[in-house]
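Worksheet: the structure to be examined is printed underneath.
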Amino acid sequence: MERPVDWEHPADSRQGEDYVALLAILRQYLPAPQYTLSSALPAGEWALQHINLAHASHYLDMVNLMAYDYSGPWTSKCGHQAQLFTPQIPHSPEAAISCHSAVSYMLRQGVPSNKIVMGVPAYGRSFTGTQGVGHSFSGQAGEEGTFEYRDLPRPGATEHIDERVGGAYCIGGDGGFVTYDTPQTVRMKADYVRHNSLGGLFYWTGTGDASSLTQKDRSLVYNGFLGLFPQ
């Protein structure tokens, strides 16, 4: 049985200590291997810095790294929401966050690589009234600024891949600039997971994905599987 812990997020060192203490108690009453204990953690060092990650990972079987939402309506400029790598010249502190930066930080803090599971968003974040990455925006489209991945790219929009950072987006149509993952970027992430001996990939949420039965070429989960287990 799996028991997940989602505390978003310890805001200071005291809460960080309480978080680790909670994990210790849960592990005591939910012993391995009968129970699998996991925890979802954000990718930004601004949040992770309050947690003794080495101590936390001692009690956890998996650390589910929420490797998305780097950019959104809370940032001042438009950016990739789940980029694999940090751009050479980030346009803001938030734009410096990437899957690689978060994984590297966790490894430096003593988290075993095989316990890190990288999250993939099955949705896109919309920015309207913008010229793209690094530019200001005026609003968002979709449901609370998001579109399910299965509904992307938007009608009339063109899809693009930025292979330098491992991010994708579509621009045009009713969504403006929408940042999301595609089969190509997910395969890049799966390759990164394999080469860095990470624990795997997870998706938030699977219901937003294209059908792995009728749209295999577009399914994030299916292409992630192929990337993790190449033929």
Side-chain angles (χ1 to χ4, degrees), residues 2 4 6 36 38 40 43 61-72 79-85 98-100 102-103 113-127 132-133 140-231:
E2 180 178 354
D6 190 1
T36 297
S38 65
D61 297 292
M62 294 182 293
V63 177
N64 291 335
L65 177 62
M66 296 186 289
Y68 39 78
D69 286 348
Y70 307 152
S71 185
H80 292 291
Q81 73 133 333
Q83 59 194 4
L84 177 56
F85 298 110
S98 65
C99 303
H100 176 65
V103 169
S113 62
N114 66 342
K115 291 190 176 184
I116 301 174
V117 184
M118 185 187 295
V120 175
Y123 61 92
R125 285 206 168 273
S126 165
F127 299 84
V133 173
Q140 306 88 40
E143 184 177 350
E144 297 183 351
T146 68
F147 291 96
E148 297 279 33
Y149 166 73
R150 63 173 180 263
D151 298 324
L152 297 171
R154 299 303 297 160
T158 55
E159 189 170 81
H160 304 270
I161 310 292
D162 187 339
E163 295 186 357
R164 296 169 300 175
V165 300
Y169 60 93
C170 68
I171 191 163
D174 62 356
F177 177 98
V178 186
T179 164
Y180 56 102
D181 268 313
T182 64
Q184 182 175 339
T185 60
V186 169
R187 288 201 183 214
M188 291 176 66
K189 291 180 177 182
D191 188 64
Y192 179 93
V193 166
R194 285 193 299 110
H195 283 89
N196 290 278
S197 301
L198 304 187
L201 296 170
F202 78 91
Y203 301 84
W204 187 260
T205 64
T207 57
D209 192 19
S211 172
S212 60
L213 296 177
T214 61
Q215 295 177 285
K216 283 187 176 181
D217 290 344
R218 283 294 291 178
S219 169
L220 301 180
V221 174
Y222 180 75
N223 280 276
F225 175 82
L226 294 181
L228 291 175
F229 304 99
Q231 305 299 312

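Only a predicted model underlies this, so the values are computations on that prediction, with no experimental measurement involved. The analysis underlying the following values was restricted to heavy atoms, covering all of them including side chains, and did not include hydrogens, waters or symmetry mates.
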[X]: what forms a side-chain hydrogen bond (donor to acceptor under 3.5 Å, both in side chains) with it, not counting sequence neighbours?
{"X": "Ser38", "result": "Glu2"}
{"X": "Thr146", "result": "none"}
{"X": "Thr214", "result": "Ser211"}
{"X": "Tyr222", "result": "none"}

From [X] atom [atom1] to [Y] atom [atom2], the distance as rounded to the nearest 0.5 Å:
{"X": "Asp217", "Y": "Ser212", "atom1": "CG", "atom2": "OG", "value": "12.0 Å"}
{"X": "Arg187", "Y": "Asp181", "atom1": "CZ", "atom2": "CG", "value": "13.5 Å"}
{"X": "Thr182", "Y": "His160", "atom1": "OG1", "atom2": "NE2", "value": "12.0 Å"}
{"X": "Asn114", "Y": "Ser197", "atom1": "CG", "atom2": "OG", "value": "8.5 Å"}
{"X": "Tyr149", "Y": "Tyr203", "atom1": "OH", "atom2": "OH", "value": "10.5 Å"}

Write down the atom of [X], the atom of [Y], and the distance for their closest heavy-atom approach.
{"X": "Ser71", "Y": "Gly79", "value": "OG-N, 3.1 Å"}
{"X": "Gly224", "Y": "Ala190", "value": "O-CB, 3.8 Å"}
{"X": "Val120", "Y": "Lys189", "value": "CG2-CD, 4.4 Å"}
{"X": "Ala122", "Y": "Glu148", "value": "O-OE1, 3.6 Å"}

Backbone N or O of [Y] within a donor-acceptor pair of the [X] side chain at under 3.5 Å?
{"X": "Asn64", "Y": "Val117", "result": "no"}
{"X": "Asp209", "Y": "Leu220", "result": "yes"}
{"X": "Asp151", "Y": "Phe147", "result": "no"}

If you define the side chain from C-beta out and look only at heavy atoms, does anything of [X] sit under 4.5 Å from [Y]?
{"X": "His100", "Y": "Tyr192", "answer": "yes"}
{"X": "Phe85", "Y": "Cys99", "answer": "no"}
{"X": "Thr36", "Y": "Met62", "answer": "yes"}

- After noting the C-alpha distance and the side-chain angles of Glu163 and Gln184, does the key distance pass the side chain to side chain contact (heavy atoms under 4.5 Å, CB included) rule? CA-CA 9 Å; Glu163 295 186 357; Gln184 182 175 339; 2.8 Å; yes

Please list, chain by chain and in numerical order, all residues satisfying salt bridge (Lys or Arg N to Asp or Glu O under 4.0 Å) with [X], sequence neighbours excluded.
{"X": "Arg164", "answer": "Asp162"}
{"X": "Asp191", "answer": "Arg194"}
{"X": "Arg218", "answer": "Glu159"}
{"X": "Asp69", "answer": "Arg125"}

- Message: Can you list everything that forms a ring pair (Phe, Tyr, Trp, His ring centres under 6.0 Å) with Tyr180? Sequence neighbours excluded, please.
- Response: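 Tyr180 satisfies ring pair (Phe, Tyr, Trp, His ring centres under 6.0 Å) with no residue once adjacent residues are dropped.
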
- For Val193, enumerate each residue passing the side-chain contact (heavy atoms from CB on, under 4.5 Å) test, keeping only those at least two apart in sequence or located in another chain.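 side-chain contact (heavy atoms from CB on, under 4.5 Å) list for Val193, sorted by chain: Met118, Leu198, Leu201, Leu228.
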
- Under the side-chain contact (heavy atoms from CB on, under 4.5 Å) test, residues paired with Ala43 that sit two or more places apart: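 For Ala43, the residues satisfying side-chain contact (heavy atoms from CB on, under 4.5 Å) (neighbours in sequence not counted) are Leu65, Tyr70, Ile97, Ala102.
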
- Task: Please test Thr185 against Ile161 for side chain to side chain contact (heavy atoms under 4.5 Å, CB included), starting from the C-alpha separation and ending with a verdict.
- Result: CA-CA 8 Å; Thr185 60; Ile161 310 292; 4.2 Å; yes

Just distance, no hydrogens or angles: give the donor-acceptor pairs under 3.5 Å from side chains in residues 167-179, sequence neighbours left out.
| residue | atom | partner | partner atom | Å |
| --- | --- | --- | --- | --- |
| Asp174 | OD1 | Arg154 | NE | 2.8 |
| Asp174 | OD2 | Arg154 | NH2 | 3.0 |
| Thr179 | OG1 | Gln81 | N | 2.9 |

